[in-house]
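Protein chains get the first letters and strands the later ones, always in sequence-line order, with residue 1 at the start of each.
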Amino acid sequence: MKSSKLNILLIEDNPDDQELIQEYLCDGDFNVNILSIRQNLQSGIERLKKKDIDIVLLDLSLPDSFGLDGFKEISANYPEIPVVILTGLSNSESALEAIRVGAQDYLVKGDYDPALLFKTINYAIERNKMITSLFKANLQLKEARSTALQLVNVCNIAREEVEATQSDLQRQKEGLEHFAYVSTHDLRAPVVNLQSLLKFIDRKNYANEQNAVIINKMDITVEQMSETLHDLIEVVAVTKEAEQRKPEVLKLESILNKVILNIEQLVKLQNAKIICDFSKADQIRYVPGHIKSIFQNLVTNAIKYKDPKRDPVINIESTKSNGYTCIKVQDNGCGIDMDKHGKKIFTMFKQLHIDSKGKGLGLYIVKSQIEALGGKIEVESKIGKGTLFTIHLKDQLNGN
Amino acid sequence: MEIKLKRILVIDDDETSNFINEIIIGRAEIAHDVKVFICANEALEYLKNGNDFPDLILLDINMPFIDGWEFLQAYFDCRFNQKHKTLICMLSSSIYESDRTRAASYPDRVEFISKPLTVESLHELATIVKERYAKVLD
């Protein structure tokens, strides 16, 4: 068996040993291309700089180095080159130690023949090739692993984003389905009524007194339809507004005053008293329009659903905590039976008072407006005592 | 109609709808008496108080307090359907198939009519009611 052409560096100061190895290498199966011989470690390392050496045979006792130091210096600078240690009998401990720290093999002087030298050199080279490729593979694995981890991270982030988007979409979808149901029903109802009423009109005798009654019903129906349409448009506006309008610093008291002015007639008619205390939190950074809509709906409700036995009194106060502005709207109205109707209060459609004409969209709009901007609304109520709405509005940052 | 129903109950919170329903029921000439409730709760009280039971109930779905489905649940909870042959018909502006399917899902037959109520649909309902009574006589 012939080995491939080898470039061998022998670092050995003993002429006898040099000669012996030279002799063995020239003999038999070896196919030596270059045999460089150096007397000391530094000149050996100098020779390695050419980077053409396949294997180093290193004596452990050199003029400029003794023991493992020489090996350590070579392997630190040329880790890819296999090293076989040459050692005397007395120094076999060091040889073993060298193998532990990475030398390929060792030969005990005077205790090897050409065959063993051949085997040792070739095994050392082959083993080194394997170790080098293992080392490379390990590096690649590590790289692959860290790439994989990065990918997993990216995937996790993406998944979280997708999940958030999905639940957002699901909520929007449910909202839209509900909206579609309510709008088709609420708009279809008056249209159907109008169609029926039109058929009842006596067209042969317009003076028929019954016609006046029917036309009056038609007036009511058209009015109802117009209100529903207005409410539905407001529901649509809620989401759009939250997306488009920039938050501004708003003074709560001046907004409330504008609302009271808007519903002046209702307030006077019912002799309602509105008391406010905004001293703890007098302004909020929020989307304009929402606060007004919230005040308008809650105050109007409080007056509309007053207790018939007393004039309505509405207390409004505000506080701040942790980036939220809390507004409480308390009335002394007829109250809501929370056990029976608690769940329905904020649902589109569910109107909890018989003698009102609204379609029950007001509180739905309020809730949508608040939740669209990260806030929440809660309600407590007792029949005959009144109702308390607690709203937590999230202060909006610049640029929303 | 040869034989008229004794009584029809109409439960709807919309007064215009009730105005229309009463005129249509009158024109269909299928009942001696029509009772109208704008609140499902009051209708339920009326039935519980042992008044003459109606042969037909026209029930709106979307109402405040108790909606049509909740009324229906209460009606079955009171086991009225076991004591009486009364036919219940949901009468709604809804054109959603899901409402129609939901009405059909009850073990006891529940009809569904999408408004407007017409003389023809009332005649069909009256025929179903009469068939029910005929079965009892068998």
Side-chain angles (χ1 to χ4, degrees), chain A residues 177-202 210-211 213-225 228 305 336-337 339-345 347-363 383, chain B residues 10-28 36-45 58-71 73-74 77 90-102 112-122:
Chain A
E177 279 169 1
H178 194 54
F179 177 76
Y181 180 89
V182 172
S183 46
T184 51
H185 178 279
D186 275 17
L187 288 176
R188 191 171 178 270
V191 171
V192 165
N193 281 350
L194 282 177
Q195 284 172 329
S196 299
L197 290 168
L198 277 166
K199 280 186 196 150
F200 292 161
I201 285 184
D202 184 349
Q210 182 68 12
N211 279 356
V213 178
I214 290 163
I215 286 167
N216 175 264
K217 295 281 179 198
M218 289 173 73
D219 283 341
I220 295 170
T221 309
V222 169
E223 183 56 35
Q224 192 186 349
M225 201 166 147
T228 306
Y305 307 125
I336 303 161
D337 185 338
D339 291 335
K340 272 192 184 166
H341 309 301
K343 282 184 199 155
K344 297 181 189 170
I345 290 175
T347 317
M348 233 193 242
F349 242 142
K350 294 294 183 182
Q351 214 219 324
L352 302 176
H353 302 268
I354 299 175
D355 21 310
S356 77
K357 285 180 191 147
K359 268 290 169 190
L361 282 172
L363 283 179
I383 290 274
Chain B
V10 180
I11 308 169
D12 194 329
D13 64 314
D14 184 59
E15 293 189 37
T16 308
S17 280
N18 287 332
F19 173 81
I20 294 164
N21 293 342
E22 278 189 276
I23 291 177
I24 298 288
I25 293 170
R27 288 187 182 174
V36 177
F37 291 94
I38 57 162
C39 171
N41 242 338
E42 283 170 21
L44 213 53
E45 284 308 309
L58 299 176
L59 179 61
D60 182 29
I61 293 177
N62 296 293
M63 292 183 286
F65 284 114
I66 294 188
D67 67 22
W69 303 119
E70 288 165 320
F71 174 89
Q73 195 52 53
D77 287 347
M90 309 308 281
L91 180 61
S92 172
S93 301
S94 167
I95 44 166
Y96 271 68
E97 199 51 37
S98 57
D99 283 329
R100 194 177 286 276
T101 330
R102 187 168 172 186
F112 183 97
I113 289 180
S114 192
K115 285 180 188 175
L117 186 64
T118 60
V119 171
E120 293 72 34
S121 52
L122 276 172

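With respect to chain B, the highest number of heavy-atom pairs below 4.5 Å among A:Leu197, A:Thr221, A:Leu187 belongs to A:Leu197.
Every residue meeting the ring pair (Phe, Tyr, Trp, His ring centres under 6.0 Å) condition with B:Phe37, not counting sequence neighbours, appears here in chain and number order: B:Tyr46. Every side chain to side chain contact (heavy atoms under 4.5 Å, CB included) that A:Ser196 has, sequence neighbours left out, goes to B:Ile20, B:Pro116.
Here the straight-line distance linking atom OG1 of B:Thr16 with atom CD1 of A:Ile214 works out to 12.0 Å at 0.5 Å rounding. Rounded to the nearest 0.5 angstrom, B:Glu15 CD and A:Gln224 CD are separated by 10.0 Å.
A 4.5 Å side-chain heavy-atom check between B:Thr118 and A:Lys199 finds every atom pair outside the cut-off.
Of all non-hydrogen atoms in A:Arg188 and B:Ser114, the two that sit nearest each other are NH1-OG, 3.3 Å.
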